[in-house]
J.: 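I'd like to ask you about the structure that follows.
The model shown is predicted, which means the values in this text are computed figures rather than measured ones.
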Protein chains: 2
Amino acid sequence: MSSTKQTADSGSGSSSRRAELLALAGTLFAERGFKSTTVRDIAEEAGILSGSLYHHFDSKESMADEILRSFLDELFGTYREIVARELGPRKTLEAVVATSFEAVHNHHDEVAIFQNEAKYLVQFPRFAYLAERNAEFHELWTSILAEGVRTGAFRADLDVELTYRFIRDTVWVAVHWYKPAGSLSAEDIADEYLGIVLDGIAARRGRRPVRKSAG
Amino acid sequence: MSSTKQTADSGSGSSSRRAELLALAGTLFAERGFKSTTVRDIAEEAGILSGSLYHHFDSKESMADEILRSFLDELFGTYREIVARELGPRKTLEAVVATSFEAVHNHHDEVAIFQNEAKYLVQFPRFAYLAERNAEFHELWTSILAEGVRTGAFRADLDVELTYRFIRDTVWVAVHWYKPAGSLSAEDIADEYLGIVLDGIAARRGRRPVRKSAG
DNA sequence: GTCTATAACTAGATAGAC
DNA sequence: GTCTATCTAGTTATAGAC
């Protein structure tokens, strides 16, 4: 994750500096938005002047492009592995949700950028792949849900399209409040979240013995 | 809501023009974000030049301020009415969710601005009330959930704080895909959403078969 | 690899004519 | 109520010195 991709590096690491700058830019893009982050902001964060950034990158767009491309390649690689395991709809949904919360944990900035800036960035031709990735998301989720309805794992009256949106949004929107250093791990949150989505928040009468007193 | 506040209107309505301009600005703020929307964009949308906007408003910030203030006053007024009815946790939750989806329907731009831009705007002193409104939201939702856990309406093992975030986010994030002209009304969506949150998407063995139609 | 200097352009806001 | 004209400041990006 840090020493790949350089061409003929002399040793101290021009490409690690590159990765360092990308990480700083990513954090700022995530916090303030792509358009609101200036190249001077990024340079200042790195302790250099804005002109010096152009020794490493073509443009501000290139930075966002590089950040998003590598993140999405990795994420969808993992999704494809999960689907290939053919665990059945419920287990697949659980695994995909868990992976997504892990991404919120391990690639917080990238998820935030993808969530918040994709709509703006996709208008530029070089970011056309963002629309493809969104379509891929849609296909992934709706086929899991539709299969679950077919096999009886999920309720027969589910509106698959609407349910897809709710699940997708709730998972990713966690990036707005999730703090990697917080008391709850990504796994804890995924578990709690799956509890709500699968079984609801209403108390059950006669099943799970979780309630305490009056009904 | 449209003919208040003008000083000595000559008849054709300087304040309706004002409302018109605010609506245009609101749509742009919602679509592109506050910072990315230029006063020239707004003026162009209105068919005038940027300088002319300053006859109606002090600044770009004033426009966002006015939009958010009136919307939030109305929304929280409705929330307070619901709470005052003392319907019990489950019915209160249903009413608050329904009201929120109605807001997504009736005040789409305002909800989007509040969702997407509050974090940025709140840094300016004049938008300090946004932080207060967020705290009010938190109080509203967590007391409904906590009471529900206490009375046994909701699962005893709920993490109230986490559940609050999930519900809050899922409701508001709908603003990103909800189209007022779409086939599903805000009420349809609120129903489907409440079905998921209250009872989950997993099929039940031997209990309530479904909520409304098919069996 | 970073800095200085600057070009080319975009932004919010103002003043006064019409 | 809108336009013309303009100011000031900020923004991306470039070129060449060190």
Side-chain angles (χ1 to χ4, degrees), chain A residues 2 5-25 28-29 31-67 117 120-121 123-127, chain B residues 2-3 5-26 28-29 31-67 117 120-121 123-127:
Chain A
S2 62
K5 194 179 235 179
Q6 73 265 48
T7 49
D9 204 340
S10 47
S12 81
S14 69
S15 91
S16 81
R17 178 61 167 157
R18 188 187 173 79
E20 207 178 321
L21 294 170
L22 270 186
L24 290 173
L28 291 175
F29 291 158
E31 281 173 0
R32 311 181 187 176
F34 175 77
K35 187 142 186 199
S36 300
T37 302
T38 70
V39 294
R40 286 205 254 266
D41 292 336
I42 302 167
E44 189 183 18
E45 203 76 9
I48 59 179
L49 292 183
S50 65
S52 309
L53 266 184
Y54 290 84
H55 173 73
H56 303 274
F57 303 97
D58 283 357
S59 65
K60 193 170 82 161
E61 273 183 33
S62 302
M63 296 188 228
D65 192 14
E66 206 164 313
I67 291 168
E117 311 302 324
Y120 169 75
L121 293 172
Q123 76 185 291
F124 303 108
R126 81 183 296 169
F127 288 101
Chain B
S2 63
S3 64
K5 193 176 237 182
Q6 73 265 46
T7 47
D9 203 340
S10 47
S12 79
S14 69
S15 91
S16 80
R17 177 60 166 160
R18 187 188 175 79
E20 206 178 322
L21 293 170
L22 270 186
L24 290 173
L28 291 175
F29 291 158
E31 281 173 359
R32 310 181 188 176
F34 175 76
K35 186 141 186 198
S36 299
T37 302
T38 70
V39 294
R40 286 184 175 81
D41 291 337
I42 302 167
E44 190 185 16
E45 203 74 8
I48 59 178
L49 292 182
S50 65
S52 310
L53 268 184
Y54 289 85
H55 173 73
H56 303 274
F57 304 97
D58 283 357
S59 65
K60 194 169 82 161
E61 272 182 35
S62 302
M63 295 188 227
D65 193 15
E66 205 164 315
I67 291 168
E117 311 301 325
Y120 170 74
L121 293 172
Q123 76 185 290
F124 304 109
R126 82 183 295 169
F127 288 101

J.: Whole Å only: how far is the CG atom of L21(B) from the P atom of dT2(D)?
T.: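 The answer, rounded to whole Å, is 7 Å.
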
J.: Can you run through DNA chain D from 5' to 3' and write each base as (, ), [, ], | or . depending on how it pairs? Watson-Crick or G-U wobble, both distances under 3.5 Å.
T.: |||||||.||||||||||

J.: Rounded to the nearest angstrom, tell me the gap between atom CZ in R18(B) and atom C1' in dT2(D).
T.: 17 Å

J.: Does some side-chain heavy atom of F124(A) sit less than 4.5 Å from a side-chain heavy atom of E61(A)?
T.: yes

J.: Taking only N and O in the side chain of R17(A), is any of them less than 4.0 Å away from OP1 or OP2 of dT2(C)?
T.: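 Answer yes for this pair, as a side-chain N or O of R17(A) is under 4.0 Å from OP1 or OP2.
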
J.: Expressed in angstrom and rounded to an integer, what is the separation of E44(B) atom CD from dC3(D) atom C1'?
T.: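 Going from E44(B) (CD) to dC3(D) (C1'), I get 16 Å.
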
J.: Return the value, rounded to whole Å, for the distance between atom CG of L49(A) and atom C1' of dT14(D).
T.: 15 Å

J.: For H55(B) and dG1(D), is the shortest distance between a side-chain N/O and OP1 or OP2 below 4.0 Å?
T.: yes

J.: Before you tell me yes or no, could you show the steps for E66(B) and R18(B) under side chain to side chain contact (heavy atoms under 4.5 Å, CB included), namely the whole-Å CA-CA distance, both residues' side-chain angles and the distance that decides it to 0.1 Å?
T.: CA-CA 11 Å; E66(B) 205 164 315; R18(B) 187 188 175 79; 2.7 Å; yes

J.: Taking only N/O atoms, report every protein-nucleotides 12-14 of chain C pair under 3.5 Å with atom names and distance.
T.:
from, atom 1, to, atom 2, distance (Å)
dG12(C), OP1, K60(B), NZ, 2.8
dG12(C), OP2, V39(B), N, 2.8
dG12(C), N7, R40(B), NH1, 3.3
dG12(C), O6, R40(B), NH2, 3.1
dA13(C), OP2, Y54(B), OH, 2.8
dA13(C), OP2, K60(B), N, 3.2

J.: Atom CE of M63(A) and atom CD1 of I42(A): how far apart are they, to the nearest 0.5 Å?
T.: 4.5 Å

J.: Please round to the nearest 0.5 Å and tell me the distance separating atom CZ of F29(B) and atom NZ of K35(B).
T.: 13.5 Å

J.: Any chance you could lay out the side-chain hydrogen bond (donor to acceptor under 3.5 Å, both in side chains) test for D41(A) and T38(A), step after step, and finish with the verdict?
T.: CA-CA 5 Å; D41(A) 292 336; T38(A) 70; 3.2 Å; yes

J.: Starting at OG of S16(A), measure out to CG of L21(A) and round the result to the nearest 0.5 Å.
T.: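 One gets 9.5 Å once the value is rounded to the nearest 0.5 Å.
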
J.: Rounded off to whole Å, could you give me the CE-to-P distance for the M63(A) and dA13(D) pair?
T.: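 Roughly 8 Å, once rounded to whole Å.
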
J.: In Å, rounded to the nearest 0.5 Å, how long is the span from CG of L53(B) to OG of S62(B)?
T.: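 That separation rounds to 11.5 Å.
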
J.: Checking all strands, does I48(B) fall into the base, sugar-phosphate, or nothing category for heavy-atom contacts under 4.0 angstrom?
T.: sugar-phosphate

J.: Any side-chain heavy atom of R17(B) sitting closer than 4.5 Å to one from H56(B)?
T.: yes

J.: Rounded to the nearest 0.5 Å, how far does CG of L24(B) lie from CD of E45(B)?
T.: 6.0 Å

